[in-house]
Amino acid sequence: MNLAAIVLDVLLMSGGTVLLMLLLGALSRRLLGVRISAGRVILAGAVGLGAGVGFESQFVWRAADYTPAMIPVLFGIIILVAIAVLVVAELVVPQGTLPRPDQWGPLLRQSFDRNRRYLQLLRIIARHRLFALKLGDAQNDQRRAERRQQAAALKSALEEAGGAFVKMGQLLSTRPDVLAPEFIDALGALQQQVPPVPWPEIEPALTRALGRPHAEVFASFAEEPFAAASIGQVHAASLPTGEQVAVKVRRPGIVPMVERDIDIAERLARRLARSSEEAARFGVEQLVASLTESLRDELDYGLEAANIVALAEVQQQLPEQARVRIPRHHPELSTEALLVMERISGSTLSDRGALVSIDPENRRALARRLLAAILAQIMDAGVFHSDLHPGNIIIDDRGALVLLDFGSIGRIDSDTRARLGEVLLAFARRDAGAFTAALFAFVDLADVADENGLRRAVAAFMARRLGPGARLDASMFADVVAILADHGLTVPAELTVPFRAIATVEGSLMILDPGFDFVGEAGQYAQARITEATRPTSIATAVSGELLSALPILKRLPQRVDRITGTLADGRFGMNMRVFADPRDRDFLRELLSLAVVTFLAGIFGIMAAMLLTSAAGPQLTTTLTLFQVFGYLFLVAAGILTLRALFDILRHPTRQRDRSRT
């Protein structure tokens with residue numbers, strides 16, 4: 001071919017490639033099951049065009065007997081190479097993992113800050129020798145002593161790391177379901193000595209949150225905070241009405257700092273889960289996800305304000321002996337970065353002098369009220385404060401209990417409350433059989449290989465931990481979780497959250513009354529609930545409620561009975577059963593059949609291509625090429641495309657499974 005013909009051929013190939021890439025971009029979701037970006041399509045088209053030009057230069061331009069029959073083969077090669085590029089690119093760098101060019105600058109800065117924080121954390125971990133840290137339980141005194149040393153080192157490391165890690169450590173201290181008692185004790189005392197933000201820095205944040213200067217809102221405002229924490233600090237102020245309020249202001253710049261630490265924690269959890277089978281079995285990814293979710297909630301003071309409203313409304317539904325005081329807040333002044341609420345005069349239970357002037361009888365009465373409050377919130381209202389440690393409980397100047405810090409609120413439905421009541425009653429009565437039955441209502445026993453062994457383990461736990469003088473503490477719940485985990489069962493959140501709240505409040509009860517009988521008092525509460533439920537008025541209320549719930553069903557019942565009897569009389573009665581009722585089963589079968597069909601067609605086209613390429617039959621197009629061989633090349637291209645699709649589905653399958661599990 002002469003130079004003009006070659007140039008024309010390249011132009012035709014370029015135009016054809018553009019059209020093919022437009023078609024490929026439109027059909028990419030059908031062809032590969034994913035939507036391909038325009039940039040990748042252009043890149044694949046350029047590589048495919050290069051391959052086509054290379055093929056032409058070697059086998060067409062040098063041939064004296066050129067035939068147009070090679071054009072379909074040429075475009076088939078371009079498509080095959082382009083699809084191969086798309087498949088490899090999607091497997092190596094999945095769609096959406098690379099940012100847009102306009103995001104590279106901010107992401108590079110974030111990466112630099114994250115890597116600098118990584119190095120800082122690694123130095124802290126090395127300094128406290130935490131690389132061999134094991135969070136599981138210990139089985140002997142020597143191992144427990146080692147655990148206490150590791151727990152103290154972890155506490156010191158978290159305090160030194162600061163930022164989100166202190167808050168996550170504090171949240172971990174309320175998780176006896178995942179940590180050994182030694183770590184719970186150490187992290188329970190975790191505090192971060194955070195200096196307050198100077199007034200020149202906090203004033204602009206206050207002005208932004210209020211939308212106007214603070215002098216237009218408050219009659220007076222103390223520039224020096226009376227409390228400072230890692231997320232915010234609290235200032236004393238007064239409103240024009242004379243009401244004394246506490247103004248909780250979020251620290252400037254704390255959100256990106258916490259998000260950076262959260263990102264690091266999530267990345268480390270993913271790496272641990274992938275590299276360590278023990279960490280994956282421990283559920284480190286799920287644990288970090290729950291902690292970071294709680295931490296993000298604490299960043300939003302608007303959510304805390306909504307929780308205050310919910311708990312304040314709950315108090316109106318509870319019996320008088322179970323009510324505690326909830327501070328009022330001012331919604332018209334509160335935002336996600338600012339919370340204005342009533343200032344309480346008094347001392348928290350964490351203050352050693354808070355109970356000096358209170359006699360033992362009143363302290364016992366306060367403990368009973370606090371226990372009644374948390375149990376009533378859980379069992380009666382289903383909305384409860386889930387973090388009632390001593391620092392979140394105040395005894396005001398009138399000797400009343402006041403709750404603080406509403407960033408962590410639990411919610412459970414009525415069915416769960418009823419099952420929790422059964423667990424609590426069986427626990428208080430030391431009834432191993434009833435406790436086992438009530439506990440197993442929360443889990444699925446279908447996956448348990450040794451159900452009898454599980455029941456024996458729970459019965460042994462009841463005999464060991466509910467003997468004379470026993471009382472509820474965090475380790476008891478950890479023992480229950482360990483028993484279930486040993487038999488392959490995961491404790492659901494609707495059980496862990498309220499029991500975690502009960503285990504947390506137990507420490508506050510012991511401060512109020514060191515001799516407080518938790519099990520006995522909880523048993524009296526459960527027995528009172530049973531007695532109340534068996535009264536004629538309560539039974540009548542429950543029956544009327546059930547009848548109201550069943551009324552729609554009763555209305556439809558005669559019509560359905562008539563329909564069934566009619567079909568029976570006509571001999572048309574039948575039953576249908578859907579084998580693949582679960583959408584996941586249908587999706588799996590659909591993917592399996594699709595893969596089988598694609599693989600079968602790839603094999604058929606490959607066999608046909610081999611037969612035609614090795615055959616000398618057919619019309620002769622050139623001295624070395626027949627029409628059947630051209631068809632063989634086209635079948636080979638089709639087989640290659642289908643093979644790439646099958647390989648793409650097989651290699652991407654684990655990724656899709658992980659994505660589904662996360663959703």
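Side-chain atoms are counted along with the backbone in the values below, which use heavy atoms only and exclude waters and symmetry mates.
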Test item: R114 side-chain N/O and I264 main-chain N/O as donor-acceptor pair under 3.5 Å: no
Side chain to side chain, T292 and R296, heavy atoms closer than 4.5 Å: yes
Steps toward side-chain contact (heavy atoms from CB on, under 4.5 Å) verdict (I344, R325): CA-CA 10 Å; I344 305 297; R325 187 177 168 193; 3.7 Å; yes
Contacts of A376 that satisfy side chain to side chain contact (heavy atoms under 4.5 Å, CB included) - sequence neighbours left out: L318, A322, D380, Y525
Student check: side-chain heavy atoms of R417 and I378 closer than 4.5 Å: no
N/O donor-acceptor pair under 3.5 Å between R117 side chain and R260 backbone: no
Donor-acceptor pair, side chain of N392 and main chain of L388, under 3.5 angstrom: no
Residues forming a side chain to side chain contact (heavy atoms under 4.5 Å, CB included) with R411, sequence neighbours excluded: N307, A310, V383, I409
For R343, side-chain hydrogen bond (donor to acceptor under 3.5 Å, both in side chains) partners two or more places apart: Q244
For H214, all residues meeting ring-ring contact (aromatic ring centres under 6.0 Å, His included), sequence neighbours excluded: W199, F221
Sequence-distant partners of E203, salt bridge (Lys or Arg N to Asp or Glu O under 4.0 Å), two or more places apart: none
Expected output: side-chain Q233 to main-chain V249 donor-acceptor under 3.5 Å: no
Backbone of L303 reached by a side-chain donor or acceptor of D297 within 3.5 Å: no
Partners passing ring-ring contact (aromatic ring centres under 6.0 Å, His included) against F406 (at least two apart in sequence or in another chain): H385
Backbone N/O of V340 and side chain of S334: donor-acceptor pair under 3.5 Å: yes
Side-chain donor or acceptor of Q377 paired with backbone N/O of F384 under 3.5 Å: no
